[in-house]
Participant: 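A single structure is presented below for examination.
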Amino acid sequence: MCFFDLPMETKQEQKYYRVFRKKLIELGFVMVQESVYVRTLPNRSQLTKYEEQLKRVTPYNGLVELMYVTEKQFNDRRFLTGEKAPQEVAVGNHKMVII
Amino acid sequence: MIKDGDYLRLKLDNLEIEKGGQKFSIPLSDIATITLEGNILTLTTKLLAKLAQHNIAVIVCDNKYVPCGIFMGFGQYHRTAKRNLEQVAWSEKLRNEVWTEIIRQKLSNQRAVLIAHDADVERIDKLQELIEHIQLADATNREGHAAKVYFNSLYGMKFTREQDCLENGAMNYGYTIIRAYMARLVTSLGLIPTLGVFHRNEFNSFNLVDDLMEPFRPLMDWYILEKILPNYPKYLTWEARCKLIDFLNQPYFYRGKKTTIDLVMLDYVNSFIKVMKNENLSELTEITLGGIARCMRN
C-alpha cells in the first residue's frame, strides 16, 4: 500500500509527481482513492523488488509512505461510507479473474 | 478468462479490459494465461507484443467455446541457443528412458484415478500388470492398451475418445488448458516445442509439450470426475468452463508443502531440463494423483 503527498507548486514538482504516479501504475498499483495506491504481491520476497523500483523515481521533497499488510487485513477494512470499486471486486487478489 | 469483452489494450504495463463501459486493469507481470471467448473482442497489436514479451499464453476459443488456438512468446528466454543445443544433443538412450518414465507416471496416475473411483479390482490389476510390463520407450505400446482399459472402466465399455459427448468435451477442453500452459512453460524456458521426447509427428509443432503433459492428463480426468460431471451434468456451461480453467490454480501437495498445479508444472519442466543436462533420470519430478487429491478432499 502506498500513500503519498507530493508538492505541486512548480512545473518541476508537477513533473516529478507525474513520473512517480506513472511508475506506480506501471508497477501494477491501482488507485483505491486519491494518493492511495495498492498492489498485491505473491510473497514477501517480492517486496524489495517493488520498493527498489519506486525509490528510483521518488521525489526528494514531499511525503511517500509504504505499508505492508496481509491480504486478509486489507480485505477486512471497514467502509464508513462508499464501497469497493468494481475493479477490486472483479480483480482483487484472485488467482483466476473472470471478466 | 474474458468473455465478450469490448476492448483489450495496453496501458502502462497493465492489461486494460473494457467491458460494458467499465474498465479493469491487471498488471501484466501477474498474468500467466488469458482465455478469450466471444466474437466481438478487439485487441491491439501493441498489447499482443507485450503479452509475448511477458510470456503470457493467450488461448482463443471458437464460436462453440472450444479452445482452438494458442498465442505465445517465442525466443524470449535469454539463453535459448544453449538450451536448444542441449535439447538436440541428448542421447537416444536417455530419451527412451525419459519416455518410459513419463509413461510410467501417466499409467500410475490412471490407476490411481480408477482406485479413487472404485473401479473393479480386476481392471485395476489389469492396469497394474500393464505398468509392470512397460518396456524401454514403451516399445509394445502399453500406453494405448492402458488407455482402453482406463476409459472403458470410467465411462463404460462403449466409450471411445472420438464420441461427441460431455465427457469428451470436458476432457478436450481441460487438456487444451494444460497444453497451453505447458506450451507457455516450454517456450519461456527456451526449449524448442517441436523437438519431442517421443512424439515425432512432422505435422505437430508441439511435440515436446504433448510429451511433458502426459502425467497431468489423469489429474485432469480426476478433476473432471470430481468437480465437473457431478455439478454440470448436461452441457459444458460457462461456469463449468471457468472451473476447468481453474484447474491450474488447484492446490497440490508436494514435498511436504502445499503449492498449486501451475507451479508443479513449472517444477516438472525444470526437472526435465535438469535430466537432459545432467543425464540423470532420477531428477525428474514425480507427478502423482495423491498430490492433488489429498488437498481437495480436506
Side-chain angles (χ1 to χ4, degrees), chain A residues 1-2 4 15-34 36-54 56-58 66 68 70-72 74-75 82-99, chain B residues 1-38 41 43 50 54 56 59 177 181 237-252 257-263 266:
Chain A
M1 204 180 223
C2 178
F4 60 86
K15 190 186 163 198
Y16 284 152
Y17 161 79
R18 283 196 303 272
V19 171
F20 179 75
R21 203 186 84 96
K22 211 169 158 183
K23 189 70 187 176
L24 266 179
I25 299 172
E26 232 170 71
L27 289 176
F29 282 81
V30 233
M31 188 176 95
V32 270
Q33 48 180 286
E34 273 175 36
V36 181
Y37 285 69
V38 171
R39 193 206 201 291
T40 49
L41 296 173
N43 50 48
R44 282 201 161 256
S45 55
Q46 294 266 314
L47 296 176
T48 37
K49 178 183 148 194
Y50 287 89
E51 199 175 313
E52 284 304 316
Q53 293 203 50
L54 266 186
R56 270 179 236 155
V57 289
T58 309
L66 287 178
Y68 304 129
T70 63
E71 275 104 350
K72 175 131 190 9
F74 183 74
N75 266 329
E83 55 188 21
K84 282 186 186 175
Q87 155 88 24
E88 201 190 315
V89 179
V91 182
N93 60 357
H94 310 303
K95 273 213 87 175
M96 175 163 163
V97 178
I98 302 165
I99 294 176
Chain B
M1 170 151 201
I2 300 165
K3 183 190 174 72
D4 291 331
D6 299 337
Y7 230 105
L8 292 189
R9 57 169 85 82
L10 180 72
K11 195 178 180 191
L12 291 170
D13 275 8
N14 285 265
L15 165 71
E16 189 179 81
I17 305 151
E18 200 178 313
K19 185 176 173 178
Q22 269 186 346
K23 282 180 183 172
F24 304 91
S25 78
I26 303 171
L28 289 180
S29 50
D30 292 357
I31 307 176
T33 60
I34 303 176
T35 312
L36 302 175
E37 225 183 71
L41 186 102
L43 71 168
K50 254 301 197 267
H54 278 82
I56 297 168
I59 305 164
I177 299 300
Y181 193 72
T237 57
W238 156 251
E239 285 84 12
R241 297 197 297 274
C242 290
K243 196 99 193 150
L244 279 172
I245 297 173
D246 206 27
F247 172 78
L248 295 173
N249 298 322
Q250 294 309 309
Y252 186 94
K257 275 195 200 141
K258 215 172 168 182
T259 160
T260 47
I261 296 269
D262 54 344
L263 293 175
L266 172 65

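Per chain, numbering begins at 1; letters A, B, ... match sequence-line order. Remember, predicted model here, so these are calculated numbers, not experimental data. As a basis for the values below, the full set of heavy atoms in this structure was taken, side chains included, without hydrogen atoms, waters or symmetry mates.
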Participant: Which heavy atom in B:Asn14 sits nearest to a heavy atom in A:Gly28, and how many Å separate them?
Facilitator: OD1-CA, 3.8 Å
Participant: Should we count OH of A:Tyr16 as having more than 12 external heavy atoms under 6.0 Å?
Facilitator: no
Participant: Would you say that B:Ser25 contacts A:Val30 through its side chain, given a criterion of any heavy-atom pair below 4.5 Å between the two side chains?
Facilitator: yes
Participant: Are any of the side-chain nitrogens in B:Asp13 or A:Lys22 under 4.0 Å away from the carboxylate oxygens of its partner?
Facilitator: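 Looking at A:Lys22 together with B:Asp13, the answer is no, because their closest N to O distance does not fall below 4.0 Å.
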Participant: I need the residue from B:Asp30, B:Ile31, B:Leu28 with the largest number of non-hydrogen atom pairs under 4.5 Å to chain A.
Facilitator: B:Asp30
Participant: So does A:Lys84 have more than 12 non-hydrogen atoms from other groups sitting under 6.0 Å from NZ?
Facilitator: yes
